[in-house]
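Each remark here refers to the structure printed beneath this line.
As the structure lists them, so they are numbered: ligands from 1, and atoms in each ligand from 1.
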Amino acid sequence: MDQATTQQVFQPDEHQHIRYNPLKAEWVLVSPHRCKRPWSGQVEKPAEEEVPPHDPNNPLCPGNTRPNGKVNPNYESTYVFTNDFPALLEEAPPVPKSDNPLFQCAPALGTCRVMCFHPRSDITLPLMTLDEVTKVVERWIAESIELGLKYRWVQVFENKGAIMGCSNPHPHCQIWASSFLPNEPRVKDHYQRQYLAKHGRPLLRDYLDQELQKKVPQLAASVTAPERLVCENASFVALVPYWAVWPFELLVLPRRHVLRMADLTADEQRLLADIVRQVTTRYDNLFRCNFPYSMGWHGAPTGEAMSEDCQHWVFHGIYLPPLLRSAAVKKFMVGYEMLAQAQRDLTPEQAAQRLRDCSPVHYKLEQ
Ligand SMILES: O=C1CCN([C@@H]2O[C@H](COP(=O)(O)O)[C@@H](O)[C@H]2O)C(=O)N1
């Protein structure tokens with residue numbers, strides 16, 4: 001038999017391969033053949049404890065006194081306060097210059113804030129109204145603009161669920177602003193700049209254009225969808241990136257070339273709130289649980305970078321959820337992932353199809 005008939009034809013949903021993330025110049029090992037193996041690993045029970053609308057002892061609730069004696073106002077929408085235990089302070093002694101290549105040290109100034117999304121503790125983003133989530137987006141932007149005047153990087157991030165180390169069930173996120181550009185955006189800045197210089201267009205603009213062209217047939221007759229698309233609206237697209245590492249990792253991309261969240265129009269801010277609700281609804285519906293994740297937004301740096309050419313940047317959202325097979329089974333990024341590179345069994349296309357097949361109506365709101 002000739003070579004072709006004896007050699008199988010490569011199928012990305014059948015055969016092992018590695019995929020490249022051009023934003024970070026990293027590879028991920030994809031092992032679809034492993035999806036058939038029985039699961040015998042650790043099962044963590046999801047902590048879906050009943051959360052009261054108001055807990056007099058919760059330091060994030062309206063009207064409560066925090067351990068350091070500060071009293072929260074009776075806020076009725078979002079509420080932001082400086083973290084009582086911040087990882088970054090605005091003042092610090094100057095750091096001596098180090099010219100030893102093996103022992104580099106540099107200044108680190110900044111501030112950390114906690115942002116409550118809503119006065120009630122028993123509500124989450126997918127269960128908030130579009131108006132309420134739009135107020136969250138507007139506050140993210142206001143905080144980013146204010147801190148961006150002074151700091152090179154403003155990281156809005158949400159750790160959701162105890163499994164993600166979230167210490168408080170009250171709907172909230174954190175905002176850390178720093179004088180330095182952290183590793184993740186620093187690497188993305190480099191490769192987006194390199195891509196624009198070589199191809200003449202921003203990396204994530206070309207990426208979205210090509211993603212939307214790769215259509216696959218769907219269950220409904222004659223319906224097709226981009227193979228890694230999850231949900232979309234007039235201004236944003238949420239998809240599982242080709243190079244996704246976490247099983248149900250998502251990338252949220254604007255349909256317009258936007259550098260920073262602060263550049264969004266009022267309509268786009270409302271549509272960003274809508275895509276956040278769509279994404280978190282599908283996430284919760286996947287395993288009918290409060291789907292945990294760490295998420296954040298990346299855009300062009302701020303501070304002095306506001307006067308630099310940042311056309312290589314495209315504002316985008318990143319969702320990094322740990323769950324793999326159920327509300328109780330998570331992906332462990334250990335061993336090979338820590339010492340060699342990330343590895344996944346479920347392909348990004350299969351993850352996207354699973355999320356596309358979820359209902360757009362939150363299971364707690366179903367009739
Ligand atoms: O009284 C408090 C409780 C928690 N916090 C802060 O809230 C933050 C909540 O962290 P998580 O988003 O990881 O749950 C955490 O950084 C913690 O320092 C206060 O600033 N004051």
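The cationic atom of K330 (NZ for Lys, CZ for Arg) lies less than 6.0 Å from the six-membered ring centre of F332 and within 45° of the ring axis. Within the cation-pi definition used here (under 6.0 Å to the ring centroid, within 45° of the axis), R152 does not qualify as a partner of F180.
In P59, the part holding a heavy atom less than 4.0 Å from any atom of ligand 1 is the side chain. Under 4.0 angstrom from ligand 1, there are no non-hydrogen atoms of E158. At a heavy-atom distance under 4.0 Å, only side-chain atoms of N159, from C-beta outward, approach ligand 1. The parts of N83 lying near ligand 1 are both backbone and side chain, judged by heavy-atom distances below 4.0 Å.
Protein heavy atom nearest atom 10 (O) of ligand 1, with residue, atom name and distance: Q174 NE2, 3.1 Å. The nearest protein atom to atom 7 (O) of ligand 1, hydrogens excluded, is given as V114 CG2, 3.6 Å; this is a heavy-atom distance. In terms of protein heavy-atom proximity, atom 14 (O) of ligand 1 is closest to S167 N, 2.7 Å. The protein non-hydrogen atom at the shortest distance from atom 19 (C) of ligand 1 is D84 OD2, 3.6 Å.
Near N168, meaning under 4.0 Å from any of its heavy atoms, are these atoms of ligand 1: 14 (O). Against a heavy-atom cut-off of under 4.0 Å, G165 is close to the following atoms of ligand 1: 13 (O). Close contacts between ligand 1 and P67 involve ligand atoms 1 (O) [criterion: under 4.0 Å to a heavy atom]. Residue contact check: R66 has heavy atoms under 4.0 Å from atoms 1 (O) of ligand 1.
E268 places a side-chain N or O within 3.5 Å of a backbone atom of T265 that can act as its donor or acceptor partner. Put simply, the side chain of Q350 never gets that close to the backbone of L346: no donor and acceptor are under 3.5 Å apart. Formation of a donor-acceptor pair under 3.5 Å by the D345 side chain with backbone atoms of C35 is not found in this model. Judged by distance alone, with hydrogens and angles left aside, the side-chain atoms of Q278 form a donor-acceptor pair with the main-chain N or O of E232 at under 3.5 Å.
Taking the ring centroids of Y293 and F291, they lie at or beyond the 6.0 Å cut-off. For W243 and Y20, the distance between ring centers is not under 6.0 angstrom.
In this structure, H17 and F10 have perpendicular ring planes: the angle between them is above 60°, well past the 30° mark.
Using a 4.0 Å heavy-atom cutoff, H172 is listed among the residues neighbouring ligand 1.
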